[in-house]
Amino acid sequence: MEKVEWKNDYCIGVEEIDVQHRKLLSIVNEFYDVAVGHPADYPIKVGRCLKKLTDYTHYHFEAEEMLMERYQFPSTAQHKSEHSNFIKQVTTKIPQIASGNQVMGQELYQFLLDWIVNHIAHSDKSWADYVITIQQSPEEMNRMYRRPGAIPFFSK
């Protein structure tokens with residue numbers, strides 16, 4: 001088990017979200033440091049790290065979901081469901097991890113890493129491609145401007 005390094009392959013083409021993904025992976029790597037660190041430090045550091053991870057995950061998921069709704073991505077409900085299921089899975093593991101079970105912390109790190117990298121590569125890339133296509137289409141942008149309350153989001 002090793003830390004993950006950011007790769008440009010993880011970029012989805014929506015700058016704001018790419019920045020958030022980098023930050024999220026950075027926090028996951030902080031969690032890695034706690035999970036494989038000195039056992040005496042684990043109980044002290046794990047709670048703080050889990051709080052940071054969950055807070056940022058909620059913030060990030062809300063940002064993605066706002067963009068999907070703004071651009072009327074057809075699979076928004078499915079994507080939100082993926083986010084919700086992820087949060088439920090992590091939430092069920094938190095009590096054991098926070099109680100000092102460092103092995104469970106290492107397992108959570110691997111789960112986080114696998115889920116996030118796969119989610120970015122598949123689900124996030126799908127909605128990002130959709131949004132970028134709309135942004136590049138004058139007809140679609142005109143339609144977006146005419147929607148009441150719509151504020152266009154530009155990735156560049």
Side-chain angles (χ1 to χ4, degrees), residues 1-36 46-94 97-98 104-156:
M1 177 171 70
E2 295 179 10
K3 280 186 185 182
V4 66
E5 296 298 324
W6 179 261
K7 299 177 195 171
N8 285 336
D9 294 346
Y10 299 152
C11 290
I12 63 171
V14 178
E15 187 175 344
E16 174 185 344
I17 300 302
D18 286 336
V19 168
Q20 290 179 16
H21 284 155
R22 281 187 203 102
K23 174 71 174 173
L24 186 57
L25 283 177
S26 171
I27 295 169
V28 168
N29 278 335
E30 288 177 36
F31 186 78
Y32 170 87
D33 291 338
V34 171
V36 300
V46 72
R48 196 172 342 147
C49 196
L50 284 170
K51 172 88 169 108
K52 185 175 183 178
L53 177 67
T54 56
D55 288 351
Y56 196 81
T57 300
H58 283 285
Y59 164 77
H60 169 67
F61 285 172
E62 287 176 13
E64 281 189 359
E65 291 168 6
M66 280 183 12
L67 287 172
M68 286 184 277
E69 288 174 359
R70 181 180 301 157
Y71 285 94
Q72 301 173 349
F73 177 59
S75 299
T76 298
Q78 177 185 342
H79 199 98
K80 283 182 167 184
S81 178
E82 290 176 29
H83 288 170
S84 179
N85 288 336
F86 172 79
I87 289 169
K88 285 178 191 171
Q89 286 179 306
V90 171
T91 302
T92 61
K93 298 172 194 256
I94 286 176
I97 293 161
M104 289 289 295
Q106 293 166 6
E107 290 173 8
L108 177 63
Y109 168 77
Q110 194 61 55
F111 169 78
L112 293 170
L113 181 59
D114 293 343
W115 191 93
I116 291 169
V117 169
N118 282 322
H119 185 76
I120 290 170
H122 301 289
S123 298
D124 287 349
K125 186 72 173 134
S126 176
W127 73 257
D129 288 347
Y130 177 85
V131 167
I132 290 166
T133 299
I134 287 177
Q135 290 175 342
Q136 294 173 346
S137 166
E139 299 83 27
E140 288 297 319
M141 283 307 293
N142 284 335
R143 183 179 65 80
M144 292 302 297
Y145 277 122
R146 287 193 299 265
R147 269 189 42 224
I151 301 168
F153 174 83
F154 297 95
S155 62
K156 297 186 175 132

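Put simply, the side chain of Y130 does not reach to within 4.5 Å of the side chain of M68, judged on heavy atoms. In this structure, the side chains of V90 and W115 stay at 4.5 Å or more apart for every pair of heavy atoms. Contact check for L50 versus L108: side-chain heavy atoms found under the 4.5 Å cut-off.
For the side-chain hydrogen bond (donor to acceptor under 3.5 Å, both in side chains) test, no residue two or more places apart in sequence or in another chain qualifies with N85. With sequence neighbours left out, Q106 forms a side-chain hydrogen bond (donor to acceptor under 3.5 Å, both in side chains) with no residue at all.
Counting only residues at least two apart or in different chains, salt bridge (Lys or Arg N to Asp or Glu O under 4.0 Å) contacts with residues 122-132 comprise K125-D129. Here salt bridge (Lys or Arg N to Asp or Glu O under 4.0 Å) pairs that include residues 20-33, with residues two or more places apart or in two chains, are K3-D33, E30-K52. Screening residues 108-123 for salt bridge (Lys or Arg N to Asp or Glu O under 4.0 Å), with sequence neighbours left out, gives no hits. Residue pairs satisfying the salt bridge (Lys or Arg N to Asp or Glu O under 4.0 Å) criterion with at least one member in residues 77-93, sequence neighbours excluded, are listed as follows: E69-K80.
Residue R70 holds its CZ atom at 12.0 Å from CD1 of I134, rounded to the nearest 0.5 Å. One distance of note links OG of S26 with CG of L53; it measures 11.0 Å at 0.5 Å rounding. To the nearest 0.5 angstrom, E2 atom CD is 10.0 Å from Q110 atom CD. I27 contributes atom CD1, which lies 10.5 Å from atom NE2 of H60 (distance to the nearest 0.5 angstrom). In this structure, I97 CD1 and T92 OG1 are separated by 8.5 Å, a value rounded to the nearest 0.5 Å. To the nearest 0.5 Å, the span separating CG on L24 from OG1 on T57 amounts to 5.0 Å.
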Check: Can you list the steps and then say if L25 with H21 is a side chain to side chain contact (heavy atoms under 4.5 Å, CB included)?
Finding: CA-CA 6 Å; L25 283 177; H21 284 155; 5.7 Å; no

Notebook entry, point to check: Between L113 and Y32, is a side chain to side chain contact (heavy atoms under 4.5 Å, CB included) present by the stated rule, with each step listed?
Noted result: CA-CA 10 Å; L113 181 59; Y32 170 87; over 6 Å; no

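Using cut-offs of 30° and 60° on the angle between ring planes, the pair Y56 and Y59 is tilted. Classified by interplanar angle (parallel below 30°, tilted 30° to 60°, perpendicular above 60°), the ring pair H83/H119 is tilted. Using a 30° and 60° split on the angle between ring planes, H79 and F73 fall in the perpendicular class, above 60°.
Taking both residues in full, the closest heavy atoms of Y10 and E5 are given as CE1-O, 3.6 Å, listed atom of the first, atom of the second, then distance. Taking every heavy atom of both residues into account, W6 and D18 meet most closely at CH2-O, 4.0 Å. Scanning all heavy atoms of the two residues, the minimum distance from K51 to T54 falls at O-OG1, 3.1 Å. The two atoms that bring V4 and Y109 nearest to each other are N-OH, 3.2 Å, heavy atoms only.
In this structure, the side chain of S81 does not engage the main chain of A77 through any donor-acceptor pair within 3.5 Å.
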